[in-house]
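See structure below.
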Protein chains: 2
Amino acid sequence: MAKKVLIVYAHQSSRSFNAAAKNIAVEVLTAQGCTVEVSDLYAMGFKATATAEDIKGDLKDAENFCYLDESKLAWEQGRLSDDITKEQSKLTEADLVIFQFPMYWFSVPGILKGWFDRVLTNGFAFSQEKPYILQTFKDKKAMLSFTTGSPESMFCTIGINGDINVTLWPLQNGILHYCGFQVLPPEVFWAPALTAAADRKKMLARWRTRLQDLLEEEPLSFTPLDRFDKETFQLKDEHISEEFGLSVGIHLSNPLPSQS
Amino acid sequence: MAKKVLIVYAHQSSRSFNAAAKNIAVEVLTAQGCTVEVSDLYAMGFKATATAEDIKGDLKDAENFCYLDESKLAWEQGRLSDDITKEQSKLTEADLVIFQFPMYWFSVPGILKGWFDRVLTNGFAFSQEKPYILQTFKDKKAMLSFTTGSPESMFCTIGINGDINVTLWPLQNGILHYCGFQVLPPEVFWAPALTAAADRKKMLARWRTRLQDLLEEEPLSFTPLDRFDKETFQLKDEHISEEFGLSVGIHLSNPLPSQS
């Protein structure tokens, strides 16, 4: 079966490094027989703010508007705005989702944050009662592919920005793993703006090579869900190491020191 | 001297818990003699996307648009859009900035991410060449005040979400400390939607109490800048512990294990 790929792409310019990375992904994956769809957020003028306008028809409680509740109800009743519904359809179809963006302020640009806020609707992408457990996306892979402003040397345990995996935790764990995706290792393009043209080409060549076998890659490992208590979502006693807390230990393939 | 406070507020509803928290801050700080300004992002219809429309007049390189460079130049030449300039003026005036928002996807809502992306302009809020070092905001305090969807028990070292300080690292270190603010400890309202009305009132009462002395609070401590090499922004050898890397160690008042 031909695989379906969705690239959610957030750069303003078609001549940017991010555009080049996106174009290479389209080219290589298409050549492999994949069907590739691109959501070009700036070109689409994608709405980045979660508002009542995302819901068609009457609100449940307009006076005390709660996006989490209203969008869940609208999703259940098919009353989400067309732009959200369209992105959700693409997501439902996809076997692999690549988020291609320049890192802005240690995270995704506002327009992509808006995509997460609006498209990953309560009920559709996650269950409040059963976080991390909804099976909707369990057969899908997702990954971050991004450029940084800072060089790699600043994003390590002795660098002033801290380890890149800490910075990626809210995105990779908090969004992708939370929604049940298999999370592929990120593709980090370190500071292309500070890099010589020849080396930028090498970065893109490495990406091209990686894309050949991307769909066969092993996802990142997260602490298995069955190690957590089903009520408290805390590690069961038998899995708590004496020295360390465990849950975010996967950052560095090492556990974190305990809080005490 | 009366202090000036800016509250950057991101909730859609004036009857929300976040609105209540914002209103209490306005009330208590005003009663103390502070001048309080609120940027009510949804009410303002604040633009959340960083685009060429943020720049008046000609672009330096429209074909290969780079927001970081174009916005820096526009800031230097007074050609940023009026909505950005207005927010920058408020920021320049403020002694304290409170960001009041519901946590969306382990971070700020898209509309507030857009505020960071657009208002904290290259040159105005930070120097690419001298990250963390620009003195512009050094006498200003800033803090996050937010509601969560998950209870506190999920946001600790043995909780499935991991320690809240890891989730806050990109915001508190990557944005606020990077721009040179003194970062006050966050005010976290744990899962008010899952909390009984009486306990929600207690949360707000505690916030009211805290606000009395907020301006006198000690900021969070980050690894002092002089411990990092000025070229590489890595810890100097004499500050690297044998067992642990240090830079993100402030998460838990403990260093992180090394990568090896």
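Residue numbers begin at 1 in each chain, while the letters A, B, ... track the order of the sequences. Keep in mind that this is a model prediction, so the values were computed, not measured.
- Between the side chain of B:Lys113 and the main chain of A:Ala48, no donor-acceptor pair closer than 3.5 Å is present.
- In this structure, chain B has heavy atoms under 4.5 Å from both the backbone and the side chain of A:Thr167.
- With a 4.5 Å cut-off on non-hydrogen atoms, A:His11 touches chain B through its side chain but not through its backbone.
- Heavy-atom pairs under 4.5 Å with chain A peak, among B:Pro102, B:Gly114, B:Ala50, at B:Ala50.
- With a threshold of 4.5 angstrom between heavy atoms, A:Leu168 does not approach chain B through any atom at all.
- Among B:His177, B:Gln128, B:Glu63, the residue with the largest count of heavy-atom pairs under 4.5 Å with chain A is B:Glu63.
- Neither the backbone nor the side chain of A:Pro151 comes within less than 4.5 Å of any heavy atom of chain B.
- With respect to chain A, the highest number of heavy-atom pairs below 4.5 Å among B:Arg15, B:Lys47, B:Met154 belongs to B:Arg15.
- With hydrogens and angles ignored, the 3.5 Å screen pairs no side-chain donor or acceptor of B:Thr51 with any backbone N or O of A:Gln12.
- Ring centers of B:Tyr178 and A:Trp105: under 6.0 Å apart, within the cut-off.
- Side-chain N or O atoms of A:Ser16 include none that pairs as donor or acceptor with a backbone N or O of B:Phe65 at under 3.5 Å.
- The part of A:Phe126 that comes within reach of chain B is its side chain, from C-beta onward, which places non-hydrogen atoms under 4.5 angstrom from that chain.
- Considering CZ of A:Phe228 and CD1 of B:Ile160, their distance stands at 4.5 Å, rounded to 0.5 Å.
- Counting heavy atoms of neighbouring residues, nucleotides and ligands inside a 6.0 Å radius, atom NZ of B:Lys236 exceeds 12 of them.
- With respect to chain A, the highest number of heavy-atom pairs below 4.5 Å among B:Tyr42, B:Tyr67, B:Tyr132, B:Trp115 belongs to B:Tyr132.
- Listed here is the closest heavy atom pair of A:Cys156 and B:Gln234: SG-NE2, 3.4 Å.
- Using a 4.5 Å heavy-atom threshold, the side chains of B:Phe106 and A:Ile175 count as separate.
- A distance of 7.0 Å separates CG in A:Asn173 from CG in B:Asn161, rounded to the nearest 0.5 Å.
- Contact count against chain B (heavy-atom pairs under 4.5 Å) is highest for A:Asn64 among A:Ile111, A:Thr49, A:Asn64.
- B:Leu120 touches chain A through backbone and side chain together, each having a heavy atom under 4.5 Å away.
- Between the side chain of A:Asp117 and the backbone N or O of B:Gly110 there is at least one donor-acceptor pair closer than 3.5 Å.
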